[in-house]
*Asks:* 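Before anything else, here's the structure in question.
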There are 2 protein chains.
Amino acid sequence: MTGSYLGHELARRGVAPDCAQTIELVRDVLARVGDKWTLLTITVLASGPLRFTALHEQVAGISQRMLSQTLRALTRDGLVTRTAYPQVPPRVEYALTPLGHSLSEAVDGLVHWVRDHQSDILRHRENFERADDSNGADAHGG
Amino acid sequence: MTGSYLGHELARRGVAPDCAQTIELVRDVLARVGDKWTLLTITVLASGPLRFTALHEQVAGISQRMLSQTLRALTRDGLVTRTAYPQVPPRVEYALTPLGHSLSEAVDGLVHWVRDHQSDILRHRENFERADDSNGADAHGG
DNA sequence: CTGTATCCGCTCCGATACTG
DNA sequence: CAGTATCGGAGCGGATACAG
């Protein structure tokens with residue numbers, strides 16, 4: 001059996017446009033979470049509110065451009081809040097909203113899954129590499 | 001509170017390399033699932049084994065190139081199996097492995113989350129658009 | 001039927017410079 | 001401190017042609 005919610009939706013094919021829209025949104029959200037920087041950002045933010053520079057430090061490796069962009073997207077979806085304090089020098093704090101925390105927890109399920117099966121994935125990859133080699137190369141040892 | 005597993009890991013900062021590796025893998029898997037075509041493919045496959053052409057029909061909109069590529073990546077990770085029957089014309093069947101089904105179910109958690117909160121996200125997006133507009137434009141009505 | 005190889009446009013993303 | 005604007009390289013992904 002499938003047991004898959006999304007799969008079930010897709011399996012019906014003749015679903016209402018509303019469902020199709022949901023599927024689009026699912027992929028959209030998943031793409032965002034699977035984004036190179038978004039996952040790191042929200043998980044770092046999950047520990048508490050942070051300023052722009054602090055975030056830049058914590059996520060590390062991210063450019064200002066990408067951080068700004070990522071934060072914007074997150075804010076746009078109501079996953080994080082942006083609070084600017086009218087001071088000098090400027091002080092802006094980013095924090096996960098309840099919705100953001102909620103998503104963070106939902107993602108946790110996947111994280112645990114990866115945790116539990118990472119060795120399987122790694123092993124399969126190695127096997128695949130070997131099989132691929134023996135296909136393309138000649139039989140050196142009979 | 002965070003309540004976040006991954007967030008907790010990251011919050012520690014001084015984690016062992018093993019954990020860091022896990023995080024990499026998490027992002028890797030998440031990126032794959034969030035991929036433009038992967039999610040659709042695995043969910044379609046969740047309903048049962050399919051041939052290449054059938055898959056091409058079901059996923060619809062995907063090119064042979066991308067389907068082949070996606071399937072390869074999935075096979076590589078042990079998420080799907082590729083069974084070639086030595087016939088003519090060629091017949092190749094793709095099916096989700098237990099691991100693949102497992103992942104599919106793990107993703108379901110996220111799918112349900114999106115289902116439950118899609119209206120929130122949509123609403124926030126609209127609000128953001130409006131706020132953005134009133135920022136950039138002049139105050140027309142005082 | 002089941003792929004692979006090539007061309008090509010487009011977007012992503014990093015580096016850098018500049019602004020308030 | 002907190003961003004935005006611009007340039008340029010690299011990879012994604014679509015259309016098409018070709019191969020077993």
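The chains referred to below are lettered A, B, ... by the order of the sequence lines, with proteins before strands, and numbering in each begins at 1. Source: prediction; values computed, not measured.
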*Asks:* Taking the six-membered ring of F128(A) (Phe, Tyr or Trp), confirm whether the NZ or CZ of R76(B) is under 6.0 Å from its centre and within 45° of its axis.
*Replies:* no
*Asks:* Look only at the side chain of T97(A) and the backbone of G78(A), and say whether a donor-acceptor pair between them is shorter than 3.5 Å.
*Replies:*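 It does hold such a pair.
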*Asks:* Please tell me if R51(A) has a side-chain N or O lying less than 4.0 Å from either OP1 or OP2 of dA2(D).
*Replies:* yes
*Asks:* In whole Å, I'd like the distance from the NE2 atom of H56(B) to the P atom of dA15(D).
*Replies:* 9 Å
*Asks:* DNA chain C: Q69(A) or A54(B), which has the more 5' nearest nucleotide?
*Replies:* A54(B)
*Asks:* Is the distance from OP1 or OP2 of dG3(C) to the nearest side-chain N or O of Y94(B) less than 4.0 Å?
*Replies:* yes
*Asks:* Looking at the side chain of V92(A), which of dC1(C), dG3(D), dG3(C) is the nearest nucleotide?
*Replies:*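 Among dC1(C), dG3(D), dG3(C), the one nearest the side chain of V92(A) is dG3(D).
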*Asks:* Could you check how far NZ of K36(B) sits from P of dC10(C), rounded to whole Å?
*Replies:* 14 Å
*Asks:* Checking T75(B) side chain against L71(B) main chain: does a donor-acceptor pair fall under 3.5 Å?
*Replies:*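 Yes, because the side chain of T75(B) sits within donor-acceptor range (under 3.5 Å) of the backbone of L71(B).
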*Asks:* Examine dG3(C): is either OP1 or OP2 under 4.0 Å from a nitrogen or oxygen in the side chain of R82(B)? Give yes or no.
*Replies:*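 R82(B) to dG3(C) OP1/OP2: side-chain N or O found under 4.0 Å.
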*Asks:* Mind calculating the distance between CD1 (I62(B)) and P (dG14(D)) to the nearest angstrom?
*Replies:*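 That distance rounds to 7 Å.
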*Asks:* At under 4.0 Å, does any side-chain N or O of R72(B) touch on OP1 or OP2 of dT4(C)?
*Replies:*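 For dT4(C), OP1 or OP2 has a side-chain N or O of R72(B) closer than 4.0 Å.
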*Asks:* Look at D120(B) together with R123(B) and state whether they make a salt bridge at an N to O cut-off of under 4.0 Å.
*Replies:*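 Counted as a salt bridge, because a side-chain N and a carboxylate O are separated by less than 4.0 Å.
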*Asks:* Atom CG of L67(A) to atom P of dT4(D): distance rounded to whole Å?
*Replies:*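 About 11 Å, once rounded to whole Å.
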*Asks:* OP1 or OP2 of dT4(C) sitting under 4.0 Å from any side-chain N/O of S68(B)?
*Replies:* yes
*Asks:* Please state how far atom CD in E57(B) lies from atom C1' in dC1(C), giving the value in whole angstrom units.
*Replies:*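 Nearest whole value for this atom pair: 13 Å.
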*Asks:* Please confirm whether any donor atom in the side chain of R65(A) sits under 3.5 Å from an acceptor in the base of dT6(D), or the reverse.
*Replies:*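 By the distance-only test, yes, there is a pair.
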*Asks:* Looking at dG14(D), dC1(D), dG3(C), which one has an atom nearest to any side-chain atom of W37(B)?
*Replies:* dG14(D)
*Asks:* Look at the side-chain N and O atoms of S63(A) and state whether any lies under 4.0 Å from the OP1 or OP2 oxygen of dC13(C).
*Replies:* no
*Asks:* Within this structure, what is the CG-to-P distance between L74(B) and dG3(C), rounded to whole angstrom?
*Replies:*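 My rounded result for the distance is 14 Å.
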*Asks:* In this structure, how many angstroms lie between the P atom of dA19(D) and the CD atom of Q64(B), rounded?
*Replies:*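 Atom-to-atom, Q64(B) to dA19(D), this comes out as 15 Å.
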*Asks:* Does the H56(B) side chain pair with the main chain of F52(B), one donor and one acceptor, at a distance under 3.5 Å?
*Replies:* no
*Asks:* Rounded to the nearest Å, what distance is computed from the CD atom of residue E93(B) to the P atom of nucleotide dG3(C)?
*Replies:*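 That distance rounds to 12 Å.
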